[in-house]
Amino acid sequence: MHRLPHHIPHHRAGPGPHRAMLALCAATAALLAGCAAAPRIEGQWTAPNRPASSLQGARVLIACEAVDPAVKRICEDQMAGAVVAHGATPVTAPQIEPPAPGQPVPDQQYLGPARQAGARAVLATTVSAWAGAQGGGGPAFSIGLGSFGFGGGHVGGGVGVAVPIGGYGGGERRSTAYSASTRIVDVAGGSVIWTARASAPASDEIQGPMSGLAQAILKGAEDAGVF
């Protein structure tokens, strides 16, 4: 007489096709969301007669122009870090007052400090911001050098407008989208050799969007052969 074994091994079934498909869909959705959230260059231009040598190993004067002083400083820090990552040495520009309130600093005013610092190029960036309620509700408020407006309508004038970046009063949380217009100026020739505009999705903080914009812009300059 044969006795049955006291313990019969139990084989646990592996994940079925349905569970595997759900995992794949979730991973794909996360990847697409990450791609959609990445800052990107909207347009760029390279001077046909720019110097043949790249700026790797050179000193580059970094300047950011923004309404909010915190945005200006964070922009300069992130641009300087991106320049280091692309093989050049950043030098932060001194504070230069524009010729008129709310207007960008002319490129010529950066050339003197750049020459004093031994820089071969100036990397100047103008930062604009658009603030709106999370989820797309409420009017959008845009802040940029030389203009401001509600709901996409711009009004000419200065920039002395007190608006908290990343939030409004009344208990309603608002996110801010940033864009950056960068030009690289050859110090020897005094002319723009490369320029680009990049934008980042709306966010509740400044550091991440500025970092992404700086990386996108420097990657574009590298692809163009400037770095």
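We count residues from 1, following the sequence as given.
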Inset, instruction - Kindly work out whether a path of hydrophobic side-chain contacts (I/L/V/M/F/W/Y, heavy atoms less than 4.5 Å apart) joins Tyr110 to Val187. - result: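 In one cluster with Tyr110: Val187, yes.
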
Legend entry - Verify same cluster id: Ile96, Val122 (apolar side-chain graph, 4.5 Å):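 Yes, because Ile96 and Val122 connect within a single hydrophobic cluster, where side-chain heavy atoms sit under 4.5 Å apart.
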
Legend entry - Full working for side chain to side chain contact (heavy atoms under 4.5 Å, CB included) between Arg59 and Thr89: CA-CA 5 Å; Arg59 294 170 71 87; Thr89 302; 4.2 Å; yes

Looking only at heavy atoms, which two atoms of [X] and [Y] are closest? And how far apart?
X      : Y      : answer
Ala63  : Ala93  : CB-CB, 3.9 Å
Trp130 : Tyr178 : CZ3-C, 4.5 Å
Pro209 : Pro39  : O-CG, 4.5 Å
Ala58  : Ala88  : O-CB, 3.4 Å
Ala200 : Leu213 : N-CD2, 3.8 Å
Pro99  : Gln109 : CD-OE1, 4.0 Å

With a 4.5 Å limit on heavy-atom distance, are the side chains of [X] and [Y] in contact?
X      : Y      : value
Val127 : Lys72  : no
Gln78  : Gln215 : no
Glu65  : Val105 : yes
Thr125 : Cys64  : yes
Ser181 : Thr195 : no

Inset, instruction - Could you tell me whether the side chain of Glu42 and the main chain of Arg197 form a donor-acceptor pair under 3.5 Å? - result: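 Such a contact is absent between Glu42 side chain and Arg197 backbone.
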
Legend entry - For Gln44, all residues meeting side chain to side chain donor-acceptor pair (under 3.5 Å), sequence neighbours excluded: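 Counting only residues at least two positions away or on another chain, Gln44 forms a side chain to side chain donor-acceptor pair (under 3.5 Å) with Trp194.
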
Distance, nearest 0.5 Å, that separates [atom1] of [X] from [atom2] of [Y]:
X      : Y      : atom1 : atom2 : result
Leu111 : Ser191 : CG    : OG    : 9.5 Å
Ile184 : Leu61  : CD1   : CG    : 12.0 Å
Leu123 : Leu55  : CG    : CG    : 9.0 Å
Ile206 : Asp68  : CD1   : CG    : 6.0 Å
Asp77  : Thr92  : CG    : OG1   : 7.0 Å

Inset, instruction - Please test Thr182 against Met79 for side chain to side chain contact (heavy atoms under 4.5 Å, CB included), starting from the C-alpha separation and ending with a verdict. - result: CA-CA 10 Å; Thr182 297; Met79 286 294 178; 3.9 Å; yes

Could you pull out all donor-acceptor pairs under 3.5 Å where a side-chain atom in residues 217-227 meets a protein atom, sequence neighbours excluded?
unit_1: Lys219; atom_1: NZ; unit_2: Asp223; atom_2: OD1; d: 3.0
unit_1: Lys219; atom_1: NZ; unit_2: Asp223; atom_2: OD2; d: 3.0

Legend entry - Distance-only side-chain donor-acceptor flag, Ser199 / Ser179, under 3.5 Å: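 Their side chains do not contain a donor-acceptor pair, so the 3.5 Å distance test is not met.
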
